[in-house]
Amino acid sequence: MYWCSDSRDVDVVDADGEGFPVSCSQGHRSSLNLQTHDGASICLVCFSNLLSNPLSPTVHVSYALSQISRSLSLPHFLQPLLTFHPHFLVSPLVAALSSFHDEPIAAQLTHLILALSASADPSVSCEFVSRVSDRITSGAFGWSSPQLHLLHCLGALLNGEKGDDLHKHIKDIGNLISVLVTGLQLPSEEIRGEVLFVLYKLSVLESTSAEADGSDMLIPFCPQILYLLVDVLMKTQNDDVRMNCIALLTMLARRHLLREECAYDTYNISSTERVDAKETEDGTKGASLVNLFAEAIKGPLLSSDSQVQIGTIDLLFHYLSSVKTSDYQIRVLVEENIADYLFEILRLSGEDQVLNLPNKYSLASMKAILILLCRILCILYSLVHCHNIKRKRLPYFRFISDRMEFKVGYLVLVEYKDPAVKMCLQVLDLLSTAEETFKPRLVVGISTLIPALHYVAEIPFHPVQCATLKLIYECISECPGSVSISQLEELILVLIRMLRKHSGGEMGMIPETFITVCSVFVALIRYPSCTGALDLSKSIGEATRHAILACLSVSERNVNQILQCLYLLKEAYAYSHDGNSSNSSKQELQSSILDTCSAYLLPWLVMGIKEMEEDIALGLLETFHSILLLQSSINATEYAETLISVGWFSFSYECLGLFTGDRMKNRIYLLLSSLMDSLLGNDSGQPIREAVLHLSHDPIDLLFLLGQRSSNSLDLPSCQSAVLLILYTSSLYDERLADEKLILASLEQYILLNRSDFHHRTTDNMTVTRLVNLYSLLRGLDNTNYPIHYSREAEEIIFQLINNDEWDLLSARIHSISLKWLFQQDDVINSLCHQTLKFCRSYNLEETDIIIGNNNQTVNVQTLAELVSTEDNYGARIFVCLLAQLLQAESHERDALCVLNVVATMVHAYPTACEQLSLHGIATTIRSWFYLSNSLSTTTYMSILILVFNTLSSVHPETLSADQSWVAVTMKMMEYSIPPEKVDILSDESLFVIGILSLILHLSTKKTLEETSKTILFNTSIISMVNTVVCAASSKGHALVDHDEGTSTGETLIFLLLLHYFAVKSLHAILPGFVDWQSFLVSTKPSEPLAFIGIRCHDLCRLLHFGSPAIKIAASYSLLELFNRISDQINSNHEELKCTVGYLMSIRSILEGLVFYNDLRVATNCCLCLSMILGWENLTNKTRLLEGSRWCRLIIEEMTVSFAAPALASQSFMNKQSPQVLIAIAILKLRKIPQWMRSVFDSSSISGILENLTASNLSSEILVLFRELLKSNFLSTEQIATINQILQECRKRVYTNNAQDDLPNEAIKKVFTASYDTGDICDFLIDLMTSEAYIDTVSLGFHTGSKKLLEEIEMFYSSLSVDDDGCR
C-alpha cells in the first residue's frame, strides 16, 4: 500500500515509465490500486486489511481514513471506485466501526460511510444499513462504545437523502426495535439519544413509505415503549435527548399510538417481549400514562431552548388532537397544571424589548435598517439549523415571526414568538374542553390572553384568532367577575379595531372568527361589570355598526355569520333598555341601532328578498320583531313607522309568496301583530296572534275567509277579526293588498252574512269600528278614483251600526278619506254630532295642543278643522247644529264650553273654517245664545267672544254682509260689557268687546256690517265712556306717561283710542257728509259732547304730548285721520279754517316737538299733520307765522346737515330723516316760501346732499323734495344733471331687480284660541291701523315702494321739461 502526501514524495510508475497502474508492494492486483492526487495511489486491499487488523495503530488508521476521505473529492479516484468496486469497502468499514472503541476514529469511519452512501449507488447505502443493523441486532457488542457508534451511523444513514426506503433492507426490524427498546432502559443519555433518533427515523420512514400497509412496527412494543419514552423525557436534562424523544412521541401521537395500556389489549404480546407497562426504571407503579406524560413534559416546557419548548407544545397539540384522547386524559393534563405552563409560555413569548437607536436617524431609516437586520438573522438562523444539524437534534425547525411597533426617537421590538403563540393557543383551546377543571386556570390566564389577542388580531387570517377569542369568550361567559374593568376596556378596543378593519376592507377575517367576535361582544353585554359601573353603549353601538357593514360588504355572505351578527344587534338593543334606559348614552345607542337597521338592514331585506336565503330573511325579521316587542321605547313606535314607510304589508305577502314554509308564515304574522301593537296600541295585534295558525299566505284567500258566515266554524270569527285588522291597518297607510272592488265585495258579503251578530251585538265595538272605518274608506275611494258598485243594504247596516252607538269615532285611527266620507252622509249627522261632542269633551280633558302638519290618521283638531274649512261635507253644519242643540239644553253649558274651545282651536289652525261656520249660520246660533240663555258664565261668554272675534277677523266681508244677525249680537255684547255708569278703567271682558267693536267698525269701511257699525257709533254708553276716560287721562298731565299698556288706565285708554280711530274711518265711509270735521278742532260749547264717538284734536294733542309710547302711537294715528278728514272737507267744500290762530299754534307746537321722536311712526304722523297745518296757513295767508318759526327752520337745517354729512347717508339713515323731508316739501309748496329756506338750501348744501345720494338710498320722499326744489328754482344746471344721472341709475336698478310694489295685498288676519291676551288683541288692532294708514299716506308722497319711486321719477322729468327755462 503506497501513500502520497505532502511529507512523502513517492512516485509509483510502471516499468516502462508510462504511468500505468502497478501493483502495490504486497502484490495486490493493480485494479485495486487507485490513484489519488500528485501521482499517489491507495490500494483498497491494503486499506481493508489495515482496518480489519485490530492491532493496527490508531494513528495509521486515522491517517488512512483521512486520506481516503480527501481522495473521495477527486473524480479520478471516486469514479473507478464507484464504477468497479462500489461495495468493496462496505464490509471492512462496518467491521472497523464495530471494533474500534476510539471515538475520533469512529467519527471518521461514520463520515466516510456517509460520504460513500451519498456518492455511490443507492445499493451501497442499503448494504451499509443492512450490515450495520445486523451488527446491532446481533447484540455481540452489548452496549459498548462500538454499539453506540453503530447506532449513530445507522441514524445518520437513515437520515440521508437516499433514505426513503432504507428501512426495508433491515433484515429483522422487529429484533432491531427490541434491542433499541432495551437500550432505552439504559441510564446513558448518549445511548438514549441515539436510540431515540433511530426509532424516530424508522417511524418516519415507515409512515412515508409508498408501500406501507397501514400497520405500525412499534405497535407490538406498546405500551412498553410509551412508558419508557415518557420516563426518558421525565428524567433527562439534555435538550438534544429531549428533542429526539419529543419528536418520536409526536410521531406516535400523530399515528394515534400515544394511548393507555388498555387500548393495546387486543394485540398478542408475549410476556417475554414486554416488561411491566406500569413499572419504570425506578420501580414506581400505579401511575397512568397520562399522569406520567404530564409530569414528563413540564421540564421541556420550561426549557430555555425554544425548539424544545415549541416541540413539546406541538407534541401536546397532536396528543390532544388524537381521536383516541379521552376527556379524562384532558382533565388530568389540566389538573397537572399544564395549562398554567402554557399560559406562562404565552406570557413570556410577548415580552417587550426596547432597542434604542440614535435620534439622528429618521423613523423610516430606522425601520428599514431593522427590517434588513431581521431578514439577515432569519437567513443565518435557517442556515445554522438546516445545514449544520447536530446528529442528536431533530432535523426540523420553525421560523420566528417578529412584530415591530415604532415610536418617535426609539424603536420598540415586540418579539412575539409566533410558533409558540400559535401552538400555545391551539393547545389551550383543546384543553378548554375540560370545562370545570379548566375554568380556574382560564381565570388566571385571561390577563395573558388579551395581549395575545392584540397580537394575533393584527395579522390577517391568523390561524389562532378564533381559538383565542373562544378562550376569552369562555372566561367571560362562564366566569363572571373574573375580568377587571381595565381588561374589559382593553378587550373592547381590540375587538372594535378588528371589526373596524374588517368592515373597512383593511383586514380579512374568516367567518368562524367573525362569529366568535360577535359572541364575545354578546358575552360582554351580559357581563356584570358592563351592566353596572362600565357603560359600553358607545362601544357596542360602534361594534354593531361595523359588524353589520362587514356582513353586507362581502360578496359571498355566510348565513351563520349574518345570524350571529343579528344576534349581537338584538342583544345590543336589549342592553340599551336594561337598567337606566333613560341614560343619554343608552338612548344614543338605541338611536344608533335603529339608524343602522333603517339605513342598511331594512333596504337590504326589501331590495334583496328575491335572492336571499330563507334563514337570513328569518333572522332579519326576527331582529325587527325583537325591536318592536320593546314597547316601552318611543323609538319602537318610530321604527314601526319606518317599516310602514317601505310598504311593509305588501312586502310581507311578497315574503309569504317566496317562502311558503310555516316558519316564515308565523314570523310574518307575529311581526305584523307587534307592528300593530306599536302603531295602534292597546294590544291591538292580539287577533292576529290568536289566528296565526289558520291564516293563509295569499291575501286573496284572506278575502275568501272574510266573506264567510262566522258561525260556519269555531275558528272563523278569530280569523275574520285578524283579516279585518290587517285590511284596516294597511288601508291607513294606503297599502292595497288586493283590488278595492274585491275588498269591498268581500266586506259587504261579511256584513250581509253576519248582520245577526251585529243586531245581537255579539261583535265587539272595536271590530265594528274598524269595519265601519274600512268600509267608509272603500266608499270614499269611489268618489276620488273611479265608481265602484256597492250594496245599498250593506250601507244601511253600516249606518245602523253608527246610529246605534256601536261605532266609536275616537277609539281607533281613521283614514282622512274615511272621515270625509262619513261627514258627507246626511243619514248619520246626529251620530256625528254625538261623536264630535265626545271628542270635544276628551280634548278639553286632555288639553292637548294641535300639531300642524302631522297626519297620523287620528281624529284631532286638525282633521276636524280641515273638514270644517271645506264645502264638500257637513263638518261646519255639524258644529253649528251641535251648538244649537246645546242651546236648547241649558244644563249643558259645560259641553258648550268644550265645543267653543275646540272651535277656537280649529279656527286658529285653519282660519278659513270661519267662512264655512259663518255660511252655516254661526251668527244666528250666537244670537240665540245671547237672547235665549237666561244667564251665561264668564267663561262661556268669553269663549263666545273669541268665536265672534275670530269670525269677524277671518270671514270675507261679502259673507258677513249676508247675515243680519250681527246687529243683535253686537247690541247684546255692548249691553253685557259696556258699563252704563261713568268709569275710567275697563275689565278684560270689556276691552275684548271694545276690540270686537273696533273690528266691526273696520269692516264697515269695506261696505260690510254698516248697520251694525251705526249701533256702535251712536251708542251713548260708549260715547260717555270715551269722554270719561279721555277726560280723566288728560287731567293727569305729566303723570300720564307712567300709565302705559301694562297698567289698567293705559290699557283702557289705548283701546278707546283705537276704537276712536276706526270710528272716524267708519263715519267717513258709511255716513259721508254727515259729520262737520272742523268741529273736532274747537267747539263753541266745550262741555257739549259729540253725538257720536269722537275725541277732539286738543285732547288728542294732550294725550300725544303726555302719553306713553303706545298711547302716542294710537293718538298720532287718530289725529292724523282727523286732519285728513278736515283737509278733505276744506279742500272739497272750499271752506275756511274755523279755528283761531292760537289754537292752531298750540297744536303745531306739540307736533313740532315730536318730529324727532324715536318711534318713526309717531314722528311721521306728526310731520304729516304739520304738513297739513302749513297748508291751512297757506289758505289763510298766515305764512308770517312760519317766517318767525325758529323751530321749523331748525328742523330743516338739521335735515340738510344730516343729509350732506359724509359717510352718513345709508338707506336706514335716509328713512329716519324721511319725516323731516315731508315738512320741507310742505314749506316748498307754500305760496310764499320763507326767505331762510334759500339760505338753508344753498348750493353747497344741495351739492353735499347729492354727493351722498345713490341709486340704492334714493326714496320717493327725497325725489319729491328735489322736484319741489326744481319748481322753486333752487337747483343749478350741474345739480340737475347730477340728479338726472342718479335717476337713470335708479331706474335701471329697479328694472334689474324686478322690484314689486311694497303695498300689502292681503288683509291682516288674526285668530285666537281659548287662552288669549288683551295685549295680543291690542297689537292686532295697531297692526291693522298701521296698515290702513300706510295706504292712506300714498297721496301725501310718503311711500317707499318701487312703483311709487318710478312714478316720482316720471313726474320729476315732467317738471323738468316744463320748468327747463326757469331752472336755467
Side-chain angles (χ1 to χ4, degrees), residues 69 72 90 93-94 97-98 103 106-137 146-170 173 176-177 179-180 183-184 189-210 212 216-218 229 232 238-252 254-255 305 307-308 311 314-315 382-398:
S69 295
L72 290 177
V90 173
L93 288 175
V94 172
L97 186 63
S98 61
E103 185 172 353
Q108 286 180 296
L109 287 168
T110 302
H111 178 71
L112 182 57
I113 290 172
L114 294 177
L116 288 172
S117 298
S119 303
D121 187 79
S123 61
V124 176
S125 300
C126 295
E127 186 175 353
F128 272 121
V129 170
S130 177
R131 289 179 178 274
V132 171
S133 63
D134 286 345
R135 295 285 181 133
I136 296 172
T137 306
Q147 183 82 333
L148 181 63
H149 301 156
L150 290 170
L151 280 174
H152 175 64
C153 182
L154 180 60
L157 286 169
L158 294 176
N159 193 41
E161 296 180 357
K162 301 180 180 180
D164 291 345
D165 296 324
L166 292 178
H167 66 289
K168 297 178 181 179
H169 298 277
I170 300 174
I173 194 169
L176 175 63
I177 294 176
V179 172
L180 295 176
L184 285 177
E189 295 279 353
E190 196 170 6
I191 291 175
R192 286 178 172 179
E194 297 294 351
V195 169
L196 290 170
F197 187 76
V198 171
L199 286 173
Y200 168 74
K201 289 307 298 182
L202 289 173
S203 181
V204 169
L205 291 173
E206 185 189 27
S207 65
T208 58
S209 175
D216 198 295
M217 66 179 70
L218 297 179
L229 291 174
V232 170
N238 188 307
D239 283 339
D240 292 334
V241 176
R242 283 175 173 169
M243 277 303 298
N244 291 340
C245 187
I246 290 169
L248 180 55
L249 285 171
T250 303
M251 181 58 63
L252 293 175
R254 286 179 176 175
R255 297 161 74 171
D305 191 322
Q307 291 300 320
V308 173
D314 189 44
L315 167 61
S382 63
L383 290 174
V384 170
H385 288 275
C386 285
H387 299 287
N388 295 319
I389 299 176
K390 293 182 180 179
R391 61 188 176 84
K392 300 175 184 177
R393 179 66 62 90
L394 215 161
Y396 71 94
F397 77 100
R398 290 183 175 88

**Study point:** Any donor-acceptor pair under 3.5 Å from Ser98 side chain to Val94 backbone
**Key:** yes
Study note, to complete from the structure: Taken in chain and number order and not counting sequence neighbours, the residues that satisfy side chain to side chain contact (heavy atoms under 4.5 Å, CB included) with Leu114 are Thr110, Ala156, Leu157
Study note, to complete from the structure: Heavy-atom closest pair (Val241 atom, Glu189 atom, distance to 0.1 Å) is CG2-O, 3.4 Å
Exercise for review: Work out which heavy atom in Phe128 is nearest to a heavy atom in Ser117; give both atom names and the distance.
Suggested key: CD1-OG, 3.4 Å
Point to revise | Expected output: side-chain Arg135 to main-chain Leu97 donor-acceptor under 3.5 Å | key: no
Point to revise | Stepwise salt bridge (Lys or Arg N to Asp or Glu O under 4.0 Å) test for Asp134 and Arg131 | key: CA-CA 5 Å; Asp134 286 345; Arg131 289 179 178 274; over 6 Å; no
Practice item. Give the minimum heavy-atom separation between Gln307 and Met243, together with the two atoms involved. Key: O-SD, 3.4 Å
Revision key, fill the gap. In terms of heavy-atom contacts, Gly193 and Asn244 come closest through O-ND2, 3.3 Å
**Study point:** Check against side-chain contact (heavy atoms from CB on, under 4.5 Å), Leu202 and Val198
**Key:** CA-CA 6 Å; Leu202 289 173; Val198 171; 4.0 Å; yes
Practice item. Walk me through it: do Glu190 and Leu148 pass the test side-chain contact (heavy atoms from CB on, under 4.5 Å)? Key: CA-CA 8 Å; Glu190 196 170 6; Leu148 181 63; 3.4 Å; yes
Check your understanding: So, do Ile246 and Asp314 sit near enough that their side-chain heavy atoms are less than 4.5 Å apart?
Key -> no
Review point. Are any non-hydrogen side-chain atoms of Leu158 and Phe197 less than 4.5 angstrom apart?
Key: no
Point to revise | Results of side chain to side chain contact (heavy atoms under 4.5 Å, CB included) for Gln108 - residues two or more places apart only | key: Ser62, Leu65, Ser66, Ile105
